[in-house]
Amino acid sequence: MTFADLGLMPELLRAVEDAGYSEPTPIQRDAIPIVLSGRDVMGGAQTGTGKTASFTLPVLQRLAPHASTSTSPARHPVRALILAPTRELAMQVYESVLTYSRYLPLRATCIYGGVDMRAQTQILREGVEIVVATPGRLLDHVQQRSIQLNQVKMLVLDEADRMLDMGFIPDIRRILSMLPNQRQSLLFSATFSNEIKKLADQMLNEPQLIEVARRNMVSETIEHQVYPVESSRKRDLLVHLLKTTIDAQVLVFVDTKFGCSRLTHYLNRCDIPADAIHGDKSQQQRTEALEGFKNGTTRVLVATDVAARGLDIDDLPYVVNYVLPNTSEDYVHRIGRTGRAGKKGKAISLVAPEDRSNLAGIEKLIKLTIPVHTVEDFQASGVRDHSDGASAGRRGRNEDNAGRRSRGSDDSAAPRGRGGDDSAAPRGRSERTRTPARKKSTVAADGFDYAKPYEASDAPKAPSTKPDTPSRANRPVAFLLGGVGRKG
DNA sequence: AAAAAAC
């Protein structure tokens, strides 16, 4: 299978070849022909498997007939709008558009906040066919009349489930209301909760569901580890790990902007150079922090969830959850910064006893039981719920391991083994050699059969399992979207 | 219940 087999035009094939790609990834193979056909798409694929190109390439081809070398702004209306949840991700998607449009006379730009508006306004006034944007600044330009959206025939929501959650939905709703009803809509993400998926269905017209792996799946090339530790001991455990077992570049996720700054300062005081990225930093600081991390200058980057989604960092070997994310889906996205494009990665989570149920929710979503590791003097107990073997869904490890774990001292407060940097090493190694088992059935825990072609009516009416997010939080969302969708 | 996203 080649990109030419997917029906892409020579100008795009050349650009793909220039970029060094010869074979499409599964999501590209499945999504590109369908997007080219003009259908609406809900696309799900694991992190790091080439989702961006699976929509940028066919979007460019669909717009190619409208390409014009004319300098008249009227000849360059906005025909495709691509929305992303963070500025850095918008910039990354824009770079993909630039890469693949190099042999086509199509104009594109990237619109986001935190930088001067004037340069953006100037470019918009000259006319562009493709706009990649974050919602807030886009609406700002709409108000200033520097952009018109009534010619948009293609809409892409990257990280679609994030774009449709509580924080973003009012902006998205306003943007949708300015678009023509006759359009193609494309929603892409590595995760879709059931509630968000239903909401997404409302804004799509007979969508084709494309899923190359089951929803919410994580890469097999990532090794997950849990370190049970009291919250008060986390920073010292992290320093210990950074000086012993974490021997390469690492992205450390925290839960708040303040915590991000505080941990960064602490690491620096411990002679561990670290940089920080979060939403209260200036855009210049954010851009520089990400750039320094991408080019390898920064070994340790401490981040809020601003860096959780979509960012493509070459060969990142480690992700640390200093604090577990607020939703299980965010775990999938955070750890998806490592183990990309078939590379190996480690996802290390520091889990306090009070995060036990949070951990159980993550394990249920990704259908794995994450092996517990300990470091002498840093253990905490009660992180794994032993009283209920089903709490994490089917055990991801074999019975032998599960049995040893349940009667062993993995999460006991008693010091284990001899004093080493990582006293769990012997067992850790044996666990590392085993491939986690996964459910064979194509019917997932959410009741959706992934082997069947998708019909909107297949969406489970009443999930048999408890929803991952409280239904209370979703009702107002559905209400907000009601009336603006093409079906609603 | 925090973060993100406009000024």
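In what follows, chains carry the letters A, B, and so on, assigned in the order in which the sequence lines appear, proteins first and then strands, with residues in each chain numbered from 1. Computation of the quantities below employed the complete heavy-atom set of this structure, encompassing side-chain atoms and omitting hydrogens, waters and symmetry-equivalent molecules. Computed from a predicted model, the values in this text were never measured in an experiment.
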message: From C-beta outward on Lys257(A), which listed nucleotide comes closest to its side chain: dA3(B), dA6(B), dA1(B)?
response: dA3(B)

Proximity to the side chain of His278(A) - top-ranked nucleotide from dA5(B), dA4(B), dA3(B): dA4(B)

task: Would you kindly check whether a donor in the side chain of Asp305(A) faces an acceptor in the base of dA4(B), or vice versa, at under 3.5 angstrom?
output: no

- prompt: If you check every side-chain atom of Thr256(A), which of dA2(B), dA4(B), dA6(B) has the closest atom?
  reply: dA2(B)

query: Taking atom CZ of Arg107(A) and atom CD1 of Ile123(A), what is their separation to the nearest 0.5 Å?
result: 10.5 Å

- prompt: Which is true for Arg309(A) with a 4.0 Å heavy-atom rule: it touches a base, it touches only sugar-phosphate, or it touches nothing?
  reply: nothing

message: Working to the nearest 0.5 angstrom, can you tell me the gap between Gln92(A) CD and Lys294(A) NZ?
response: 4.5 Å

- prompt: Touch check for Gly113(A), heavy atoms < 4.0 angstrom, all strands: base, sugar-phosphate only, or nothing?
  reply: sugar-phosphate

- prompt: Do Thr298(A) and Pro273(A) come close enough that some side-chain heavy atom pair is under 4.5 Å?
  reply: no

query: What nucleotide among dA3(B), dA2(B), dA5(B) has an atom nearest to a side-chain atom of Thr304(A)?
result: dA3(B)

- line: Tyr331(A) atom OH is separated from dA3(B) atom P, nearest whole Å, by 21 Å

Parallel, tilted or perpendicular: ring planes of Phe378(A) versus His240(A), cut at 30 and 60 degrees: tilted

